[in-house]
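As structure tokens, the structure follows; a few thoughts come after it.
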Amino acid sequence: MKPLNTISLNYTILLIFCAPNLFCLKAPANGTGEAALAAQSSDLGGTCKSMVESNGYGCEEHWVITKDGYVLNVLRIPLGRFVGCRKARNRPPVLLQHGMLLDARSWMLLPPKRSLPFNLADNGYDVWLVNSRGTEYSEGHTSLNNYDPAYWNWSWDELVAYDLPATFQYVYNQTGQKLHFVGHSQGTLMVMAAMSRDQLLNMLRSAALLCPIAYLRHTTSLLSRFITDNFIAEALHSLGLYKFDLNDLITMRTLKIICRIPSVDCSNMFTPYTGQNCCIKRSKTEIFLDHQPQPTAMKNVIHMCQMVRRGTLTMYDYNDCDENIKHYGQPTPPAYNMTCIPNDLPIFLSYGGADALSDVNDVKLLLDCLRHHDPGKIVVQCIESYAHADYLMAEKAKEDVYDPLIAFLNKLP
């Protein structure tokens, strides 16, 4: 591992202020078990009221406990606004899984008439939105405090092995129906990795993959490349820093102040990380900064960096044969094989031509793995002008992405 030298560290600090999509670390709050769950419940009531109920929709909050003890918050929008002309029963469930450094609120940054969850609800779907472990409303654990290093000992492998099955099973039990799944970025990686190992298929009706992440070799994201090439996350992890958090209080306060100056346009603040988004208004950036970014585990960042460097799709590599054997029973981490995704599963896949994270060349590698997919069961959409954040905040995301996605779902049995 390359050392984190003084120049790299100083440059990193500079990047925090010049393009604040990198990272800072802060001490999280106390809380485990039922006490943490109660505290989170109190906090989340405000989110339901401010982002869902205030727009005329019902909102429920649910709590899901994973097999490894993480307490996940899941929001539910059970009905659309126009219940009188729609059946309230047997509405097909749709589970929305956000990406890395985001949470469920990332799906609701646009106005209700243009936001995916609300459009799904108005089109007769029972909408469920997950907050992944470590994010603001899913900080609880049955035995660990979230300042304990053990709390942050996970990568997206654990999201695949624990979080996704737990939320799928919970929604399936609540509704009695198979689920439609919609993922953005890391959310797509989670479900594809699960499907490649023949998991969740008995509860899955379809999968929508927005900005799909399977391979990262060709990513052109400047900040991702900087972190990867300089082994930043590995160095911090070796120093005992286990939480990766962009939401440093001073940094974010400074950024919010700057972005609210009338003469300053922060609509391009995502470019060093996501690529040049085409269609995000300044007002959406301000809304984003009110709720995002969210923390993740440093180990999760390291896992992503391994994917960038090696161009492979495997479980977390401990870079030690004995450790890999301890965890996997073999000296190298097992691979996730995308060709094992069932050929008859309905898939909607949409990617952007300007996306620096879900690069076109990497998406083509994924599509090559899906080349034997039943052509009647897969829809592939490329929007040349879109980058990574456009899929959540573009002014025309409804017309460009959400309407075709809902049309795809409506045609399924």
Side-chain angles (χ1 to χ4, degrees), residues 44-64 72-99 102-132 135 137-138 163-164 166-185 187-188 190-191 200 203-210 287 291 346 348 350 391-393 397-398 401-412:
L44 194 66
T47 302
C48 273
K49 290 175 182 174
S50 64
M51 300 194 78
V52 182
E53 293 173 357
S54 62
N55 290 309
Y57 295 83
C59 182
E60 300 173 5
E61 54 179 324
H62 296 254
W63 302 97
V64 177
L72 309 181
N73 175 262
V74 182
L75 293 177
R76 184 186 191 184
I77 306 175
L79 297 170
R81 284 178 296 182
F82 313 111
V83 180
C85 60
R86 300 185 185 279
K87 292 182 179 180
R89 295 181 179 179
N90 298 321
R91 296 163 67 89
V94 183
L95 181 66
L96 274 62
Q97 175 64 61
H98 61 80
L102 302 174
D103 67 6
R105 291 171 293 185
S106 65
W107 296 105
M108 296 181 283
L109 298 174
L110 292 169
K113 291 183 179 180
R114 313 200 67 78
S115 172
L116 179 58
F118 299 124
N119 272 268
L120 285 167
D122 286 338
N123 276 273
Y125 292 93
D126 183 0
V127 183
W128 299 74
L129 303 99
V130 184
N131 286 294
S132 291
T135 57
Y137 296 120
S138 292
D163 289 29
L164 209 55
T167 51
F168 260 74
Q169 190 67 59
Y170 184 88
V171 174
Y172 181 80
N173 291 345
Q174 290 286 314
T175 64
Q177 299 185 65
K178 288 187 176 183
L179 287 65
H180 297 292
F181 177 90
V182 181
H184 175 251
S185 192
T188 69
M190 291 165 59
V191 77
L200 309 179
M203 295 181 285
L204 182 61
R205 188 177 299 188
S206 72
L209 312 173
L210 309 182
I287 296 172
H291 308 293
F348 179 92
S350 183
Y391 278 82
L392 299 175
M393 292 187 282
K398 177 183 182 297
V401 184
Y402 306 157
D403 286 349
L405 168 56
I406 292 174
F408 168 81
L409 296 178
N410 288 342
K411 291 179 181 178
L412 299 178

- List for me each residue that meets side-chain contact (heavy atoms from CB on, under 4.5 Å) alongside Ala397, sequence neighbours excluded, and say none if there are none. Leu110, Tyr386, Ala394, Tyr402
- Note on the structure: Residues passing the ring pair (Phe, Tyr, Trp, His ring centres under 6.0 Å) test with Trp107, sequence neighbours excluded, are none
- Please lay out, stage by stage, how Leu116 and His184 fare under the test side-chain contact (heavy atoms from CB on, under 4.5 Å). CA-CA 12 Å; Leu116 179 58; His184 175 251; over 6 Å; no
- Check for a donor-acceptor pair, side chain of Asn119 on one end and backbone N or O of Lys113 on the other, with a separation under 3.5 Å. yes
- Note on the structure: Minimal heavy-atom distance between Val52 and Cys59, with the atoms involved, is CG1-CB, 3.6 Å
- Query: Roughly how far, to the nearest 0.5 Å, is the CE atom of Met393 from the CZ atom of Arg114?
  - Reply: 15.0 Å
- If you take all heavy atoms of Thr188 and Leu209, which pair is closest and at what distance? CG2-CA, 3.7 Å
- Query: By salt bridge (Lys or Arg N to Asp or Glu O under 4.0 Å), which residues pair with Lys398, not counting sequence neighbours?
  - Reply: Asp403
- Side chain Ser350, main chain Leu210, donor-acceptor under 3.5 Å: no
- Message: What I'd like to find out is whether the side chain of Tyr391 reaches to under 4.5 Å of the side chain of Ser185, using heavy atoms alone.
- Response: no
- Message: Let me confirm one number: the CE-CG distance from Met190 to Leu200, rounded to the nearest 0.5 Å.
- Response: 9.5 Å
- With Asp163 via side chain to side chain donor-acceptor pair (under 3.5 Å) - residues at least two apart: Arg133
- Item | Counterpart residues, salt bridge (Lys or Arg N to Asp or Glu O under 4.0 Å), relative to Arg205 (two or more places apart) | none
- Looking only at heavy atoms, what is the nearest atom pair of Ser106 and Asp103, with distance? OG-O, 2.7 Å
- Atom CH2 of Trp128 and atom CG of Leu179: how far apart are they, to the nearest 0.5 Å? 9.0 Å
- Query: Residues two or more places apart in sequence or in another chain: which of them pass side chain to side chain donor-acceptor pair (under 3.5 Å) with Tyr170?
  - Reply: His62
- Query: Ignoring hydrogens and geometry, is there a side-chain-to-backbone donor-acceptor pair from Ser138 to Asn73 under 3.5 Å?
  - Reply: yes
- List the atom of Arg76, the atom of Pro78, and the distance in Å for their closest heavy-atom pair. O-CD, 3.4 Å
- Query: With no hydrogens and no angle check, is any side-chain donor or acceptor of Asp122 less than 3.5 Å from a backbone partner on Gly80?
  - Reply: no
- Kindly write out the residues that satisfy side chain to side chain donor-acceptor pair (under 3.5 Å) with Ser206, not counting sequence neighbours, or none if the list is empty. His180
- Item | Tyr125 versus Ile406, closest heavy-atom pair with distance | OH-O, 4.4 Å
- For Asn55, which residues count as a side chain to side chain donor-acceptor pair (under 3.5 Å) partner, sequence neighbours excluded? none
- Query: Which atom names give the shortest non-hydrogen contact between Val127 and Ala121, and what distance separates them?
  - Reply: CG2-N, 3.7 Å
- side-chain contact (heavy atoms from CB on, under 4.5 Å) evaluation trace for Asn123 with Leu409: CA-CA 10 Å; Asn123 276 273; Leu409 296 178; over 6 Å; no
- Query: Residues two or more places apart in sequence or in another chain: which of them pass ring pair (Phe, Tyr, Trp, His ring centres under 6.0 Å) with Tyr172?
  - Reply: none
- Item | For Thr167, all residues meeting side-chain contact (heavy atoms from CB on, under 4.5 Å), sequence neighbours excluded | Val64, Leu72, Val74, Leu95, Val130, Leu164
- Residue pair Glu61 / Tyr137, side-chain heavy-atom distance below 4.5 Å: no
- Message: Among residues at least two apart in sequence or on other chains, which ones pass ring pair (Phe, Tyr, Trp, His ring centres under 6.0 Å) with His98?
- Response: none
- Ignoring hydrogens and angles, tell me if any N or O in the side chain of Arg91 forms a donor-acceptor pair with the backbone of Leu79 under 3.5 Å. no
